[in-house]
Amino acid sequence: DWVNLDVVAYLAAARSSWSFVLIGDVVTDASAVKGLPNVRLLGRLPYQSLPGYCKTFDVAILPFVLNELTLAANPLKLREYVAAGLPVVATPLPEVRKLERFVRLATTGSEYLDQIEQILSAGETGPRLYRSRWMDSHSWDAKVEELSRYIAGIGSARANAAPAAGARQVA
C-alpha cells in the first residue's frame with residue numbers, strides 16, 4: 001500500500017518502450033499495472049539476487065503514496081539503490097530529502113517522467129561508483145564507528161572531569 005502504482009501505470013503508458021520491474025511481494029491491489037506489457041511483477045526474490053537486477057537498471061524509482069505512515073518512513077530501499085550506484089527518483093518524504101544529493105524528487109506521474117528523462121538526457125543512467133562510494137559513510141559499519149567514537153568521547157570526558165571542591169567520589 002506504500003507504492004503509488006498509479007504513477008507506475010502512468011509511466012508505463014507514457015513510455016511503452018521502457019520496462020518497469022517491480023520486485024517484492026504484492027500485498028495490495030495491483031490492477032493499475034497488471035497486464036501492462038512493459039511492467040513486470042517479479043514477486044519476492046532472494047535478497048542475494050537483487051544486486052544483479054540493480055546492475056541492469058537505468059534509473060530506480062520509489063513512488064510512494066503520501067500519507068501519515070509514509071511520511072514517517074525511512075525507506076531502506078532508497079539507501080540500497082544509492083549504494084548500488086543508481087540514480088533515484090523518489091517521492092519527497094522527509095527521510096528521502098536527507099539524500100537529496102543523489103535523489104531527484106517527484107510526486108506525480110508527469111514529475112516522475114520529467115525527472116527520469118532528465119537523468120536519461122544527462123547520460124547519468126545506471127550504476128555509478130561515485131554514488132556507491134558516497135553511501136560508504138552511511139553504512140552500518142560507519143554508524144557503529146561513529147557511535148563508538150561518541151561513546152568513547154563521553155567516557156574520556158567523564159574520566160578527565162575533576163570533581164568539584166568538597167565533592168566525594170564513590171567507586
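Please read all numbers here as calculations on a predicted model, not as lab measurements.
Leu62 CG to Leu105 CG: the interatomic distance, rounded to the nearest 0.5 Å, is 11.0 Å. To the nearest 0.5 Å, atoms CG (Leu42) and CG (Leu22) are separated by 8.0 Å. Within the model, atoms CD of Gln115 and CG of Leu120 stand 11.5 Å from one another, a figure rounded to the nearest 0.5 Å. Interatomic distance, Trp2 CH2 to Leu93 CG, rounded to the nearest 0.5 Å: 9.0 Å. Considering CD1 of Ile61 and CD1 of Ile119, their distance stands at 10.5 Å, rounded to 0.5 Å. Rounded to the nearest 0.5 Å, atoms CG (Leu36) and CG (Leu5) are 10.0 Å apart.
Under the 4.5 Å side-chain contact rule for hydrophobic residues, Leu69 and Val26 do not share a cluster. No continuous path of hydrophobic side-chain contacts links Val7 to Leu71 [ILVMFWY only; heavy atoms under 4.5 Å].
Side-chain atoms of Asn4 do not come within 3.5 Å of backbone N or O of Phe64 as any donor-acceptor pair. Between the side chain of Arg101 and the backbone N or O of Lys98 there is no donor-acceptor pair closer than 3.5 Å. Between the side chain of Asp25 and the backbone N or O of Val27 there is no donor-acceptor pair closer than 3.5 Å.
For the pair Val8/Tyr112, no side-chain contact is recorded, criterion being any heavy-atom separation below 4.5 Å from C-beta on. You'll find the side chain of Lys34 reaches within 4.5 Å of the side chain of Leu41, heavy atoms only. Looking at heavy atoms from C-beta onward, Thr125 lies out of side-chain contact with Phe57 at the 4.5 angstrom threshold.
A salt bridge does not link Arg104 to Glu124: none of the charged nitrogens lies less than 4.0 Å from a carboxylate oxygen.
Here the closest heavy-atom approach between residue Arg15 and residue Phe20 is recorded as O-CE1, 4.2 Å. The shortest heavy-atom contact between Ala14 and Leu113 is CB-CD2, 3.9 Å. A pairwise comparison of heavy atoms in Pro92 and Arg97 identifies CB-NH2, 3.5 Å as the closest pair. The nearest pair of heavy atoms linking Ala90 to Val103 is CB-CG1, 3.8 Å. Pro75 approaches Glu95 most closely through the heavy-atom pair CD-CB, 4.3 Å. When all heavy atoms of Ser49 and Pro46 are compared, the closest pair comes out as OG-O, 2.7 Å.
No donor-acceptor contact under 3.5 angstrom links the side chains of Thr108 and Tyr10, judged on distance only. Using modelled atom types, one finds a donor on one side chain and an acceptor on the other under 3.5 Å when comparing Glu80 with Tyr47.
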Could you walk me through whether Leu50 and Lys77 satisfy the side-chain contact (heavy atoms from CB on, under 4.5 Å) test, starting with their C-alpha distance in whole Å, then the side-chain angles of each, then the deciding distance to 0.1 Å, before giving a yes or no? CA-CA 11 Å; Leu50 297 179; Lys77 186 60 55 197; 4.0 Å; yes
Quick one: do Thr70 and Val65 satisfy side-chain contact (heavy atoms from CB on, under 4.5 Å)? Show the steps, please. CA-CA 7 Å; Thr70 60; Val65 296; 4.2 Å; yes
Evaluate Leu45 against Tyr53 for side-chain contact (heavy atoms from CB on, under 4.5 Å), listing each step before the verdict. CA-CA 10 Å; Leu45 295 174; Tyr53 283 93; 3.5 Å; yes
Counting only pairs under 3.5 Å, give me each side-chain donor-acceptor contact of residues 81-89, with atom names and distances, residues two or more places apart or in other chains.
none

